[in-house]
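Below is one structure; the comments refer to it alone.
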Amino acid sequence: MPDEQLAELARGRGSQRAPAVLELITRAGRDEIADLLGELSRLPLLREDRLFHLVSVAWAAIIGLLAAETPHAREVAYAAYADLPQRDQELLLIYLHAGRIEDAHPVLD
């Protein structure tokens, strides 16, 4: 599916939001997709949607950006993380087992 179509699904109110973001995460090594994931991570709807327990779709986008391990994707991840509410920042670091976002190097299977 084309990137923009996935982005529209991610922005929508349908049940395909999370799967669309997860597919975009597989493409996060490209700068334009990293920027798109950073934008999506700021949407209130995606911050409220939970994949499981505490993990929101927005968190998944940030984790995917970190896992991409490109300089641009990581910078976008840091900025998206900084835009999270303080409590979400704290919980995300706990989830990532990192003291600082810069120390997080998640690996996606």
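Treat the numbers as computed from the prediction; the structure is a model and nothing was measured.
Between atom CZ of residue R42 and atom CD1 of residue I62 there is a gap of 8.0 Å, rounded to the nearest 0.5 Å. Note that CG of D31 and CD of E75 are 11.5 Å apart. Values are rounded to the nearest 0.5 Å. Here the CZ-CG distance, from R17 to L9, works out to 10.5 Å after rounding to the nearest 0.5 Å. One distance of note links CG of L65 with NE2 of H72; it measures 8.5 Å at 0.5 Å rounding. In this structure, the separation between CG on L96 and CG on D103 is 10.5 Å, given to the nearest 0.5 Å.
The closest side-chain heavy-atom distance from W59 to L51 is not below 4.5 Å. Side-chain contact check for D49 versus V21: every heavy-atom pair is 4.5 Å or farther apart. Between V57 and L40, every side-chain heavy-atom pair lies at or beyond the 4.5 Å cut-off. Looking at heavy atoms from C-beta onward, I33 lies in side-chain contact with D3 at the 4.5 angstrom threshold. With a 4.5 Å cut-off on side-chain heavy atoms, R27 and L6 count as touching. The shortest distance between side-chain heavy atoms of L108 and T26 does not fall below 4.5 Å. By the 4.5 Å heavy-atom criterion applied to side chains, E23 and Q16 are not counted as neighbours.
Taking all atoms of both residues into account, the shortest heavy-atom contact from L46 to A10 is CD2-O, 3.7 Å. Nearest approach of G64 to A28, heavy atoms of both residues: O-CB, 4.0 Å. For the pair L66 and A77, the tightest heavy-atom approach, listed with the atom from each and the gap, is CD2-CB, 3.7 Å. The minimum heavy-atom distance linking A104 with P106 is given by the pair C-CD, 3.5 Å. Residues G29 and T70 come closest through the heavy atom pair O-CG2, 3.8 Å.
A donor-acceptor contact shorter than 3.5 Å is absent between the side chain of R50 and the backbone of V55. Between the Q89 side chain and the Y81 main chain, a donor and an acceptor come within less than 3.5 Å of each other.
In this structure, L91 is a member of the same hydrophobic cluster as Y78, with clusters built from ILVMFWY side-chain heavy atoms closer than 4.5 Å. The hydrophobic cluster containing V107 does not contain L93, counting ILVMFWY residues as joined when their side-chain heavy atoms lie under 4.5 angstrom apart, directly or transitively. Under a hydrophobic-cluster definition in which Ile, Leu, Val, Met, Phe, Trp and Tyr are linked whenever side-chain heavy atoms come within less than 4.5 Å, directly or via other members, M1 and L37 are assigned to the same cluster. Residues L43 and L22 share a hydrophobic cluster, clusters being chains of Ile/Leu/Val/Met/Phe/Trp/Tyr side chains in contact below 4.5 Å.
A salt bridge does not link D88 to R47: none of the charged side-chain nitrogens sits closer than 4.0 Å to a carboxylate oxygen.
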